[in-house]
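Side chains are part of it too, since the values below use all heavy atoms of this structure and drop only hydrogens, waters and symmetry mates. These numbers come from a predicted model, not from an experiment.
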Amino acid sequence: MKLHMFPRLAVAPPIPGRGLTQPRLEGSRVSDVVAIKDQVEAAVQAALSQVLPAELAGTDPVVRRSDRADFQANGTLAVAKKAARSPRDIGADVAGRLTGLTAEVSGPGFLNITVPDELVWSAVSARLADDRLGLTTPRSGERVVVDYSAPNVAKEMHVGHLRSSVIGDALVRVLSHLGADVTRQNHIGDWGTQFGMLIQYLDEHPQVSWKGRGAETMSALDGLYKTARAEFEADPAFADRSRARVVALQSGDDATLSMWRDLVAESEKAFEVIYDRLGILLDGGDFDGESRYNDALSDVVDHLLRTGIATESDGAVVAFTDGVTGPDGDPVPLIVRKKDGGFGYAATDLATLRLRVDHYKADRILYVVDVWQALHFRMVFDIARRAGWLPDTVQAEHVPFGTVLGTDGRPFKTRSGKTVRLADLLDDAEAAIRAVLEAKEHDFADAELDAVVHAAGMAAIKYADLSNTRTKDYVFDVDQMVATTGNTGVYLQYAHARVRSILRKASAAAPAQLEPMAAGSAAANVMPVDITLPAHPTEKALALILDAFDATLRDVALALEPHRLCGYLYDVATAFTRFYDACPVMKADDDAVRANRLALCDLTGQTLATGLDLLGIRAPQRM
RNA sequence: GCGCCUGUAGCUCAGUGGAUAGAGCAUCUGCCUCCGGAGCAGAAGGUCGGGGGUUCGAAUCCCUUCAGGCGCACCA
């Protein structure tokens with residue numbers, strides 16, 4: 001069996017900054033593996049530059065995947081007019097100068113390009129030999145702060161926290177994997193006048209129990225909060241005592257602070273239980289509550305007043321952004337300090353922005369928050385820029401997402417119109433997937449089944465959330481999300497498990513050579529790939545899709561859209577089933593053919609597992 | 001009123017300048033001596049909300065219009 005070094009197309013290196021979605025940042029590590037598409041792009045660009053007059057050198061070759069060939073280059077059409085030549089003529093000229101690729105002019109001047117099988121197998125081999133599957137780190141050197149999840153102390157997490165948590169986490173994972181230095185921040189609501197009410201109520205009703213009740217703690221607190229609120233509204237005397245309690249809290253009264261700390265600590269414990277269950281990276285170290293910024297708020301207001309960015313209006317301190325007006329045509333204010341002297345959340349957001357720039361040295365700050373708050377962030381960013389807290393070198397982005405709807409098309413509520421608890425949602429998904437799995441044949445022991453149910457239930461929920469365009473609303477439909485067919489998390493987990501099953505079988509059949517692979521180790525370069533073998537169309541199709549993993553992740557990081565990764569993984573899975581249907585693997589009658597196919601299986605499995613992991617979804621070995 | 005988001009097959013959705021607009025579900029037809037059929041191949045199904053414009057080329061960019069959702073002073 002022949003083993004080769006990985007051949008590459010012999011072309012000039014790509015011109016920096018051309019043909020890349022995003023300019024490479026300083027210090028970025030360039031992987032040894034160059035994607036086939038990038039090689040093709042570089043080759044066509046080089047040929048195009050030879051053919052065109054000097055001033056048109058560097059023309060984008062516009063290389064895309066094609067139905068009619070492996071790739072097509074459309075750049076000839078775009079440049080034809082400038083070059084005063086026919087696109088077909090240019091195409092023919094370019095095709096003649098391409099070496100190592102088959103190219104022919106088609107239609108009005110498209111260049112249909114076919115890559116040699118040898119190049120395809122080399123790419124599979126090279127990615128398999130790399131512990132990062134050939135993924136680059138285009139985000140290295142970039143410091144990113146991601147603000148997401150943000151539940152409220154003394155309240156249960158509910159459906160409204162799902163999307164921020166799940167999307168934010170996926171973005172954190174992808175950006176980190178691409179080399180960014182990511183700081184997670186969970187800006188929990190742990191401060192404000194509502195705690196005066198709750199603490200006062202607890203103080204007056206020492207007999208009520210809420211602490212240390214595990215999962216019940218939060219629901220008890222949530223109930224007490226509502227009771228306290230009702231009393232606040234019904235009883236003026238209690239309202240007065242509550243207001244006094246706010247003052248006590250803000251002035252650091254020991255007894256009050258101690259109760260507040262209990263509330264925060266118990267709440268954080270409960271949040272972490274949910275994060276663990278959902279597989280969210282956030283933990284105790286990521287809490288960055290509003291209380292942390294309390295001392296900075298008067299500073300923020302003073303500075304804005306001093307610089308004239310903010311003014312007093314109707315007793316409140318407000319700032320305006322050009323062009324933002326309300327229904328009456330009047331400018332809409334951003335309220336940094338309320339009439340009663342309390343601070344609005346605008347003040348807190350400005351303070352956090354300042355810290356994230358000054359202390360965390362962020363290059364990019366992301367707010368994964370529902371789309372309703374778009375106007376708020378627009379104004380906060382505008383005012384922070386004018387105040388000098390947010391320099392032009394730092395990018396602050398609101399990453400908005402749509403609403404989770406019920407099957408009635410309205411924001412998701414329980415039948416009685418109440419907010420849906422996040423924990424209940426997770427229970428529902430697990431129950432639904434359990435029913436599905438139990439209906440199938442399986443040989444799982446109870447504990448294993450529970451583990452699979454958990455993994456698949458969370459996958460169902462998270463994938464359903466991530467696979468839709470972020471900014472759109474989507475309907476929360478449990479039956480659809482646990483479907484085993486179509487573009488669902490469960491289907492991808494299954495596809496992965498199936499690949500692992502094949503590889504297990506292979507390692508049993510050929511113990512010595514393939515041993516390391518069985519453990520799922522990345523040391524899969526023990527698997528020999530014979531690059532001289534012809535590639536079946538479905539093998540090639542699969543390999544070319546696997547080759548696009550890196551480009552897909554770059555897109556996700558750029559657009560901050562995890563659904564692109566979902567779509568990509570689904571493409572991988574469907575390309576795999578086509579391949580597997582057409583090409584016998586274990587039953588291949590030739591050892592070399594089998595080895596190549598196993599390599600494809602291995603790369604598919606690792607790509608799916610890595611991709612799912614970047615979405616925050618587990619990939620069980622068996623389903 | 002202003003702003004933002006959305007409008008693509010019966011349903012749920014991909015597709016941010018390239019050739020006949022793609023999946024899944026549902027419907028219909030083939031392929032089962034099948035390495036996990038949770039599959040594969042095929043058929044049918046679309047005025048890409050409407051109308052202008054830019055371009056060699058538009059679901060995609062610009063303008064306009066219609067429909068739906070959301071936001072617009074002391075909640076976050």
Side-chain angles (χ1 to χ4, degrees), chain A residues 62 64 66-68 72-75 77-78 80-81 86-87 106-110 112 150 152 160 187 189 192-194 290 313-318 323-346 348-349 369-376 378-379 400-403 405 409-411 436 440-441 467-469 471-475 477 480 483-488 490-491 493-495 497-502 505-506 509 538 555 559 561 563-564 566-567 570-571 574 577-578 580-588 594 597 601 622-623:
Chain A
V62 195
R64 301 287 129 92
S66 172
D67 298 336
R68 309 173 178 219
Q72 64 183 54
N74 310 325
L77 288 150
K81 188 171 265 186
S86 89
S106 167
F110 297 104
N112 287 346
N152 293 307
H187 195 60
T193 50
Q194 70 272 24
E290 294 175 337
S313 166
D314 200 13
V317 175
V318 300
V324 180
T325 53
D328 45 12
D330 293 342
V332 172
L334 184 75
I335 294 165
V336 288
R337 197 177 67 200
K338 297 184 284 186
K339 185 158 52 175
D340 66 4
F343 297 100
Y345 77 129
T348 316
D349 277 340
V369 179
D370 58 71
V371 68
W372 307 324
Q373 299 194 36
L375 182 62
H376 167 77
R378 182 179 155 197
M379 296 185 74
F401 52 83
T403 308
L405 306 176
R410 302 295 310 160
V436 169
K440 310 254 180 204
E441 275 182 45
S467 58
N468 283 290
T469 301
T471 49
K472 285 169 82 161
D473 298 348
Y474 76 93
V475 175
D477 182 343
Q480 195 177 311
T484 55
T485 58
N487 189 10
T488 68
V490 182
Y491 172 78
Q493 287 181 318
Y494 174 77
R498 200 171 158 203
V499 175
R500 296 306 318 174
S501 164
I502 296 161
K505 216 163 274 179
T538 60
D555 283 350
E561 291 181 341
H563 81 277
R564 292 165 187 259
C566 296
Y570 184 64
D571 285 345
T574 53
T577 55
R578 287 198 183 109
Y580 193 61
D581 198 63
C583 300
V585 178
M586 294 307 292
K587 290 186 176 175
R594 178 165 52 246
R597 290 179 179 168
C601 290
R622 301 204 311 145
M623 287 287 281

If a protein heavy atom is under 4.0 Å from the base, mark B; if only from the sugar-phosphate, S; if neither, -; do that for nucleotides 9-22 of chain B going 5' to 3'. ---SSSSB-BBB--

Span that lies between the [atom1] atom of [M] and that of [N], in whole angstrom:
N     : M     : atom1 : answer
B:G10 : B:C28 : C1'   : 15 Å
B:U60 : B:G53 : P     : 14 Å
B:A44 : B:A23 : C1'   : 16 Å
B:G46 : B:U8  : C1'   : 8 Å

Value in whole Å for how far the [atom2] atom of [N] lies from [atom1] of [X]:
X        : N     : atom1 : atom2 : value
A:Asp581 : B:C35 : CG    : C1'   : 11 Å
A:Trp372 : B:G69 : CH2   : P     : 15 Å
A:Asp328 : B:C2  : CG    : C1'   : 11 Å
A:Arg498 : B:G36 : CZ    : P     : 8 Å
A:His376 : B:C70 : NE2   : C1'   : 16 Å
A:Phe401 : B:C70 : CZ    : C1'   : 13 Å
A:Lys587 : B:U33 : NZ    : C1'   : 10 Å
A:Tyr491 : B:G39 : OH    : C1'   : 8 Å

Does [X] make a side-chain N or O approach to OP1 or OP2 of [N] shorter than 4.0 Å?
X        : N     : value
A:Tyr345 : B:C74 : no
A:Lys440 : B:G36 : no
A:Thr471 : B:U6  : yes

Looking at the side chain of [X], which of [options] is the nearest nucleotide?
X        : options             : value
A:Tyr494 : B:C70, B:C72, B:A38 : B:A38
A:Asp314 : B:G1, B:C74, B:C35  : B:C74
A:Arg578 : B:G69, B:C35, B:A41 : B:A41
A:Pro333 : B:A76, B:A73, B:C40 : B:A73
A:Glu290 : B:A76, B:C72, B:G39 : B:A76

Assign [X] to base, sugar-phosphate, or nothing according to its heavy-atom contacts below 4.0 angstrom with the strands shown.
X        : result
A:Ser313 : base
A:Gly486 : sugar-phosphate
A:Ala316 : base
A:Val332 : sugar-phosphate
A:Val318 : base
A:Tyr580 : base
A:Arg410 : sugar-phosphate

Side-chain heavy atoms of [X] within contact of [Y], under 4.5 Å:
X        : Y        : answer
A:Thr471 : A:Val371 : no
A:Thr484 : A:Lys440 : yes
A:Arg68  : A:Phe110 : no

Which one is paired to [N], where only Watson-Crick or G-U wobble pairs with both distances under 3.5 angstrom count?
N     : result
B:G71 : B:C2
B:A23 : B:U12
B:A59 : none
B:C40 : B:G30

Residue whose closest nucleotide on RNA chain B lies nearer the 5' end, A:Thr403 versus A:Lys338: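 Of the two residues, A:Thr403 wins.
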
Taking for each residue the nucleotide of RNA chain B bearing the nearest heavy atom, is the 5' side occupied by A:Gly323 or by A:His187?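 The residue whose closest nucleotide sits nearer the 5' end is A:Gly323.
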
Looking at A:Ala559 and A:Arg564, what are the two nearest heavy atoms and their distance?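 Heavy atoms of A:Ala559 and A:Arg564 come nearest at CB-NE, 3.9 Å.
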
Between B:G36 and A:Ser501, counting only base atoms on the nucleotide and side-chain atoms on the residue, is there a donor-acceptor pair under 3.5 Å? yes

Just by distance, do the side chain of A:Arg337 and the backbone of A:Val317 share a donor-acceptor pair under 3.5 Å?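 Not confirmed, A:Arg337 side chain does not pair with A:Val317 backbone.
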
The side-chain contact (heavy atoms from CB on, under 4.5 Å) partners of A:Ala483 (sequence neighbours excluded) come to A:Thr488

Give the intermediate values and the outcome of side chain to side chain contact (heavy atoms under 4.5 Å, CB included) for residues A:Val585 and A:Lys505. CA-CA 11 Å; A:Val585 178; A:Lys505 216 163 274 179; over 6 Å; no

